[in-house]
Structures are given as structure tokens and as C-alpha cells.
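Keep in mind the model is a prediction, meaning the values are calculated, not measured. First the proteins, then the strands, lettered A, B, ... as listed; each starts at 1.
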Amino acid sequence: MRTASVIVDLPTRQTNQPFTYLIPDDLLDFNLLGHRVRVPFGKRNLMGYVVAVGQSERSDFQLKKIESIIDEKPVLNSEMLKLSEWLSNYVFSYRVQVIQTILPNAFKPKYLKGLKIVDQVPEKIKENIFLNNQEIEFLPKNYTSEQIKVINSLIRQGKIVQTTTIQKKNKGKKVKVLSNNLNDNDIATNLNKKSLSDSQKKLLIFLSGHRDGFFQVKELAEILDISKSTILTAEKKSWLKKSEVRMTRNPVKKIAVTKTNAVELNSDQKKVFNSVESAITKNENKTFLLEGITGSGKTEVYLQLIEKTIAQGKTALLLVPEIALTPQMIRLVKSRFLDSVALLHSGLSDGERLDQWEEIRDGKIKIVIGTRSAVFSPLTNIGLIIMDEEHETNYKQEGNPRYHARDIALWRAKYHQAVTLLGSATPSLESRARAQKGIFKLLTMNHRAVSGAKLPDVSIVDMREVWQKEHADNDFSPTLLKKIEERKENHEQTILLLNRRGFSSFVMCRNCGYVPRCPNCNLSLTLHMDSHSLKCHYCGYEEAIPKKCPVCGSPQIRYVGTGTEKIETKLNSLVNGIRVARLDQDTTKRKGSLEKILRDFGKGNYDVLLGTQMVAKGLDFPDVTLVGVINADIGLNLPDFRSGEKTFQLLTQVAGRSGRAGKTGEVIIQTFNPDNYAIKLAADQNYEGFYKTEMSIRHIADYSPYYYTIQVGIDGPDQFPASRAIDEVAEFIKPKLAKETIVLGPTPKAIAKLRNRYYFQIILKYKKDPNIESTLSELQTVFGEKLPKDIYLSIDRDPVSFI
DNA sequence: AGCACGCCGACT
DNA sequence: GTCGGCGTGCTC
Ligand SMILES: [Zn+2]
Ligand SMILES: [Zn+2]
């Protein structure tokens with residue numbers, strides 16, 4: 001018997017395995033591998049993915065037949081089938097969930113429930129419920145309980161049946177287009193007619209110049225500045241021919257650019273280019289780590305390597321942490337490769353994403369640039385995968401499946417015998433350590449690309465002294481303030497970083513010390529003057545600012561700590577006429593607002609760009625000659641072994657925004673911990689020094705990269721059952737793991753309560769433990785089975801954050 | 001996820 | 001006796 005193994009579209013523990021189906025006669029000659037199919041499953045029809053085809057002689061029970069295929073072409077090629085199998089095991093996720101992540105959202109089907117009459121039913125029912133149809137769509141919430149009762153009894157009697165239909169969605173809009181239907185003679189004769197209106201004349205002249213184009217009515221009306229009715233009349237007269245095309249939505253086309261060409265590389269860049277290029281040419285599965293200081297011209301190297309790859313008939317993938325923050329890079333890529341590049345990011349609609357996906361699969365597009373999920377784009381024959389800013393934690397998905405784009409990139413590069421290029425000014429310790437061991441090849445660029453441009457001069461300002469000499473609570477040291485004023489006078493620009501949004505970090509009663517907290521998370525609420533409210537930054541809870549203390553009634557409420565809002569207000573009052581743009585989550589909620597702020601700042605409409613970590617990433621503004629860090633200590637004391645690394649990266653990256661175009665840049669770092677190693681080494685722009693120091697700290701504490709880490713979590717609506725469950729998890733796994741594996745906990749998570757759920761964790765640290773994967777997958781299947789429904793188990797391999 | 005099966009309390 | 005509550009388990 002010819003059979004197919006099908007993963008059904010049901011992300012549950014019990015259905016996380018292939019089910020075997022018979023292949024119907026009409027599909028026997030068809031290769032079903034990777035196809036979406038409709039299959040009967042229990043009482044209903046589900047969608048599924050064929051992950052294998054073969055022979056089976058099972059006689060223990062009657063196999064069911066595949067009902068039909070959904071698409072003409074398979075949606076998963078053999079690479080993606082293998083990848084999904086590996087990844088689901090690697091990150092402990094259901095296979096369907098991984099497949100859904102690999103595929104564009106538009107492939108998620110909609111199940112429509114319906115009712116169908118199969119026998120005699122009372123006339124009244126036929127009229128009232130079926131509205132005299134044989135089959136209707138059925139949504140229980142649209143019917144009264146009486147009606148549901150009647151329906152249920154008729155189903156029991158076998159007179160009507162429930163049906164499910166699987167609906168495909170988003171196959172792209174069909175649009176009406178018009179094209180020229182006249183030959184030269186026709187046009188000439190029509191143009192000679194006396195009765196011709198100006199609009200008609202315009203249209204005819206246009207048609208004579210665009211013999212082969214297809215245009216939408218609206219488009220034509222706009223181009224020629226004539227009314228729609230003129231065009232419709234012309235259609236009636238058969239001047240124009242009507243047809244329908246499927247619109248492929250291509251968001252890159254909307255970015256208008258002029259073509260640019262490769263720029264001559266400097267000697268640093270040339271060296272890097274040559275090493276990587278030779279590996280691409282030789283089809284070596286090699287990974288390079290490019291450690292290039294900020295402004296060293298990594299992008300130009302990327303572009304020329306992509307060009308080379310394409311010239312060899314292969315495809316290329318460029319991953320960036322966040323599209324919105326790298327508009328310059330996108331523009332550059334687009335200007336170099338024009339329409340042959342696909343842009344994939346979270347801002348696309350399902351339909352846009354599907355269109356791009358199909359063009360990539362069909363080989364029409366050979367260059368893909370995109371964020372995390374673009375790593376799954378269905379390119380074939382990949383020659384080069386570039387991951388820019390490889391240290392960014394954005395590349396790790398929070399929530400299932402918890403994958404890291406770097407892991408996928410390396411897997412795919414191996415599959416394709418391709419080259420991976422990881423680039424950063426501040427590589428993750430993990431990658432840098434691998435380069436040390438020779439697993440990755442280390443390449444460096446230590447000079448800024450623009451001739452004459454140097455790394456900025458960095459100085460640390462000890463805020464303890466400032467508070468002693470001036471008055472405490474000063475957010476601006478006199479040094480920083482003076483320099484901001486100077487920049488304003490000289491028509492240069494300043495970037496200010498403060499990694500905390502809102503007005504103040506929390507509010508406190510001066511009399512009794514009461515601090516308002518979130519009822520869902522028990523975390524202190526942040527004051528927001530924009531919205532005149534207190535907000536929880538973790539769940540979004542919001543309440544009014546108290547006029548007096550709810551505990552003791554005192555009207556003396558103190559605002560503690562400083563956020564971006566307060567800095568904006570202060571700066572406006574301290575420097576006369578200064579124009580400040582604020583860039584944080586609160587000012588960029590609206591679609592397009594981020595781009596607008598950056599554009600306006602680039603045009604010189606502002607003196608200062610003030611914001612959270614967003615201002616540290618990738619921005620490239622030539623007039624910025626001063627970067628100020630208001631408070632470098634935020635994040636330094638978080639309960640996370642990577643807090644030093646994160647601080648170093650943030651400071652180094654933001655410092656790199658200064659003096660990129662030849663004008664000397666300056667950086668002022670304000671801190672209460674001027675002796676902290678991460679802050680000092682960031683001030684020295686000394687990545688290698690930081691790497692060595694941090695590695696010794698990690699070594700002593702047995703942390704990554706010396707050990708692998710896995711976080712096992714439990715969360716539930718009540719504290720006690722959840723804490724008991726995590727204890728049981730520990731009991732379950734401990735005896736199965738290798739003796740050398742270190743088990744930390746169980747402990748409550750750093751944020752112990754979030755959105756009314758209680759969180760607990762166990763951290764596993766291991767170098768080599770052959771039992772780890774089997775133990776954890778057993779934990780999911782065996783232990784997970786008896787876990788109460790409202791308690792969730794999570795497994796996070798190589799977590800990037802412990803907060 | 002649905003849906004059936006099954007075992008208890010409440011009602012025509 | 002029957003209806004319906006939702007706890008448990010299965011779906012190729
Ligand atoms: Zn009080
Ligand atoms: Zn909250």
C-alpha cells in the first residue's frame with residue numbers, strides 16, 4: 001500500500017507525531033512530499049503536511065485516505081522537511097509549530113464549520129435554521145440554546161451532519177487592468193477626429209507611447225490627470241482592453257532609489273572580502289566572524305560579497321536585527337540590487353509576505369534581506385548567509401519555538417555547503433569564543449571606512465562627584481550640558497541615550513515610603529506624564545497618578561529615578577530653543593512614526609535625538625558629533641549573568657554613532673560606577689579587552705560560553721501548585737542527567753509574578769551531557785501529561801535573558 | 001483542538 | 001428512568 005506520513009495541524013502533545021494515510025488512486029502518480037493536504041482526523045477534516053511517503057502493510061487498523069491536496073506545488077522542500085524535524089527536537093517544540101513558523105502566516109488555514117442536511121428534516125427547521133439551503137455555515141454563538149438543542153438532536157438522529165471546510169486564504173487580490181487595444185492607424189484616425197476632448201487626446205497620446213503596458217484605472221487617471229469616466233468610456237469604445245492580473249505585492253518596490261555601484265574597498269575591507277569570497281567560490285561550508293569597529297564599512301563588504309555570490313549563480317541571505325532601525329542599510333541594498341531583492345520583516349501583511357515567499361521559492365528573487373524569520377526563506381542553492389550585528393538578542397525568538405536565527409543560519413549553511421558571515425563590532429561572547437577555538441574564522445577591521453574618520457574620544461563623568469559639588473538629582477553634568485549647547489551653536493547634532501522610558505522609574509510616598517505596584521505583576525509602576533498615568537512596563541496595566549498616598553493620605557509624592565520623558569522636559573528648560581526628538585516605545589507606537597523621527601533628525605530638524613536603546617543601533621547620521629549617555633548604570637545590576645556584556649555592547653554601539661563622517665566625534669558617559677570594568681572598557685572601545693575580562697568571569701562562575709545553559713520553567717495561576725510542580729520537575733530530571741551537569745534551583749524567576757501568573761525556573765548548565773535531550777523530551781511527554789491544564793512547562797535552550 | 005465515552009446528580 | 005454536567009482519552 002502506498003502511504004503518506006502526515007503531520008496534522010494540531011499543536012498538542014498527543015498529536016506531535018506523523019499519522020499514516022493511504023494515498024488515493026488519483027494521487028498515486030503524484031509526489032505528495034511536502035504538500036499540504038486535507039485529511040480526515042477523528043470526526044473532522046484537518047489540514048496536514050506530508051513529511052514522508054512510503055509503503056506500509058499495517059493491518060492492526062484500517063488506515064484512512066488522504067482527501068485531497070491543497071496546493072499545486074509543495075510548500076516544504078526536502079531541506080525544510082529536514083530542518084523542521086531537527087529544529088523541533090532541538091528547541092523542544094511541536095513539529096507543526098515549527099512548520100508554521102517556517103511557512104508564511106497565510107498558509108495557516110481557517111476552519112469553517114457547517115451543517116448539512118442528509119435526510120428529511122421538519123420544514124420549520126429547514127426554513128428557520130437552514131434558510132432553505134441544503135448546507136449552511138455554522139457558528140454556535142449565532143444560535144440560541146434552544147436551536148442548538150434541536151440541532152444536536154437532529155445530528156444524533158443522523159438527519160443532519162456537521163462539516164468542516166478548510167479555507168485557503170490570501171491568494172492575492174485580482175485586479176482589473178487595462179491595456180492598449182489600438183494600432184497606430186487607429187490612434188492616428190482617432191486623434192484627427194474633431195469631437196475629441198482634451199482628456200481623450202491625452203489618453204491616446206499616452207497609449208501610442210505605451211503599446212504594451214498594463215494599467216489600473218486609478219493609475220491611468222492619476223498619471224494623465226483625467227477622470228475615471230474618460231477611461232471607462234474609452235474601454236467601452238474598445239480603445240482599451242480589459243484583463244485581470246494577480247497583484248504581487250512587493251513592498252521593496254515602494255522604496256524609490258537610484259542605482260548605486262560598488263565602492264572601492266580599503267585595505268581592511270579588501271582583506272575580509274578576499275577571505276570570504278574565496279570560500280564562497282570554493283563552496284566551503286565555513287563560518288567567518290567579522291569583528292569590525294563601528295563605522296568600519298561592513299555593509300559595503302556585505303554588498304560586494306552578495307554581488308559575487310549572485311554572479312556565481314547562487315543565492316544570498318542578509319539578516320538584520322530590526323529593519324526599522326536600519327533604514328540606511330535597506331536603502332543601500334535596494335539601490336545596489338534594485339528589484340531583485342526581497343525584504344522580509346514583521347511589518348508586512350500576510351499577503352505581502354506570501355507573495356514574497358512565492359517569488360523566492362520560484363527562484364525569481366535571489367537576494368533576501370530580513371529579520372529573524374527571514375532565515376527560513378525558501379531560497380535554494382544558497383551561497384552566502386550574512387548575519388549583521390550577530391550579538392543582537394532580537395535574533396532569538398521569545399515564545400515557541402524558541403529558536404535562534406544564528407543556529408538556523410549555520411544549519412542551512414551546512415546543508416547548502418555555504419558560507420556564513422557573522423558581523424559585529426561587539427560579537428557575542430559565544431561567537432568570539434568559537435572563533436578563538438578555530439570553529440569560526442576570525443576577521444577584523446580596525447579602522448573607520450570614511451577617510452579621516454576616527455573612533456570618537458570617550459570620557460567618563462563620575463556622577464557621584466557631580467552630585468556632591470552641584471546638587472543631587474542632577475541628570476546633566478555641567479560637562480555634558482555645555483557640550484550639547486556647543487553642538488547646537490555649531491549646527492551639529494547630539495544623540496542622548498537613557499535606557500529607561502517614562503518620566504520617572506517609580507513614585508514613592510515621602511511620608512510612609514509606599515510605592516504603587518502592578519496588581520498583576522507586583523512590580524513598581526512607572527510614571528508617564530504623556531498619558532498622565534502610572535504604567536506597568538511588563539503587562540501594560542495603567543492607573544491614574546495618585547494625588548495623595550492611598551496608605552497614609554500624605555499629599556507628598558516623590559518621583560524617583562529618571563526616564564526619557566523627564567530628560568526631554570529638563571533639556572527643553574535648560575537649553576533655550578533646543579529641538580529634541582524623543583525615540584522610545586511610547587513615541588514610536590504608531591506605524592511609520594519611527595521612520596519619520598529618524599528622517600526628520602537626518603534632515604537636521606532636531607538638535608538632539610534622545611531615546612532608549614533604539615538610538616544605539618545602526619543609525620548613521622554624519623552630523624552627529626556628540627553622544628551622551630545619561631546613566632550608564634541602568635542594566636548593570638540586573639540578575640542576569642550577561643548584564644556586563646549587554647552594558648558593554650550598548651555603550652560601545654551608542655558611542656559608535658558619533659563622528660562617523662570625518663568630523664571628530666565625542667562621547668560622554670555619565671555613571672555612578674566609573675570603575676566598573678564593562679563601562680571602562682566600553683569607554684576605551686576595547687572589545688578584545690572586554691572579551692578577555694568577561695571570559696574569565698564566566699569561567700569562574702561556570703557560565704556560557706564555558707557551559708551550555710537551558711532554562712526549564714513552570715508557570716501557573718496560583719503560587720503553591722506552580723512551586724510544587726517545579727519541585728517535581730527537579731525530581732524528575734535530576735536522576736536522569738549526567739553527574740557533571742549543574743542544576744540551579746528551583747527558584748522563582750527574577751520577575752516572579754507576571755500577568756497574574758507565578759513563574760519558577762530551573763537552570764541547567766552542562767558541557768557534555770548525552771542524556772539532556774532525551775531527559776527533557778521525556779519531561780515534556782511523560783511529565784507534561786500529568787501536569788494540570790492551567791500549569792505550563794517551558795524549555796528554553798540557550799536563553800538570552802533571565803529576566 | 002474537538003468530539004465521544006462514561007460516570008454522577010437533577011429533573012419530566 | 002432520562003438529560004446533561006464535564007473529567008478522560010483518542011484521533012492514522
Ligand atoms: Zn504614605
Ligand atoms: Zn503588570
Could A:Arg13 and A:Glu785 be called an ion pair, given the rule that one side-chain N must be under 4.0 Å from one carboxylate O?
no

Working for side-chain hydrogen bond (donor to acceptor under 3.5 Å, both in side chains), residues A:Ser704 and A:Glu430
CA-CA 7 Å; A:Ser704 171; A:Glu430 286 77 8; 2.4 Å; yes

Phosphate-side-chain proximity, A:Lys64 and C:dC12, N/O vs OP1/OP2 below 4.0 Å
yes

Looking only at atom types and distance, does a side-chain atom of A:Thr3 sit under 3.5 Å from a main-chain N or O of A:Gly54, one as donor and one as acceptor?
yes

Among B:dA1, C:dC12, B:dA4, which nucleotide has an atom closest to any side-chain atom of A:Thr12?
B:dA1

Under 4.0 Å, counting only non-hydrogen atoms across every strand here, what does A:Pro18 touch: a base, just sugar-phosphate, or nothing?
nothing

Whole angstrom is fine here: how far is it from CZ in A:Phe41 over to P in B:dC3?
13 Å

Whole-Å distance between B:dA1 P and A:Lys108 NZ?
13 Å

Would you mind reading off the distance between A:Gln17 atom CD and C:dT11 atom P, rounded to a whole angstrom?
9 Å

Measure the distance from CG on A:Asp9 to P on C:dT11 and round it to the nearest whole Å.
19 Å

Roughly, in whole Å, what's the span from CG in A:Asn16 to P in B:dA1?
13 Å

Report the nucleotide, chosen from B:dG2, B:dC3, C:dC12, that has the shortest atom-to-atom distance to any side-chain atom of A:Arg44.
B:dG2

From C:dT11, C:dC12, B:dA4, pick the nucleotide closest to the side chain of A:Gln14?
C:dT11

Length of the line joining A:Asn45:CG and B:dG2:C1', which is rounded to integer Å:
13 Å

Is the cationic atom of A:Lys736 (NZ for Lys, CZ for Arg) positioned less than 6.0 Å from the six-membered ring centroid of A:Phe732 and within 45 degrees of its normal?
yes

d(CZ, A:Phe19; C1', C:dC10) in whole Å
9 Å

Interatomic distance, A:Met47 CE vs C:dC12 C1' [rounded to whole Å]
17 Å

Do A:Lys108 and A:Asp350 meet the salt-bridge criterion of a basic N to acidic O distance under 4.0 Å?
no

For A:Thr15, answer base if it contacts any base atom (sugar-phosphate contacts may also be present), sugar-phosphate if it contacts only those atoms, and nothing otherwise; contact means non-hydrogen atoms under 4.0 Å.
base

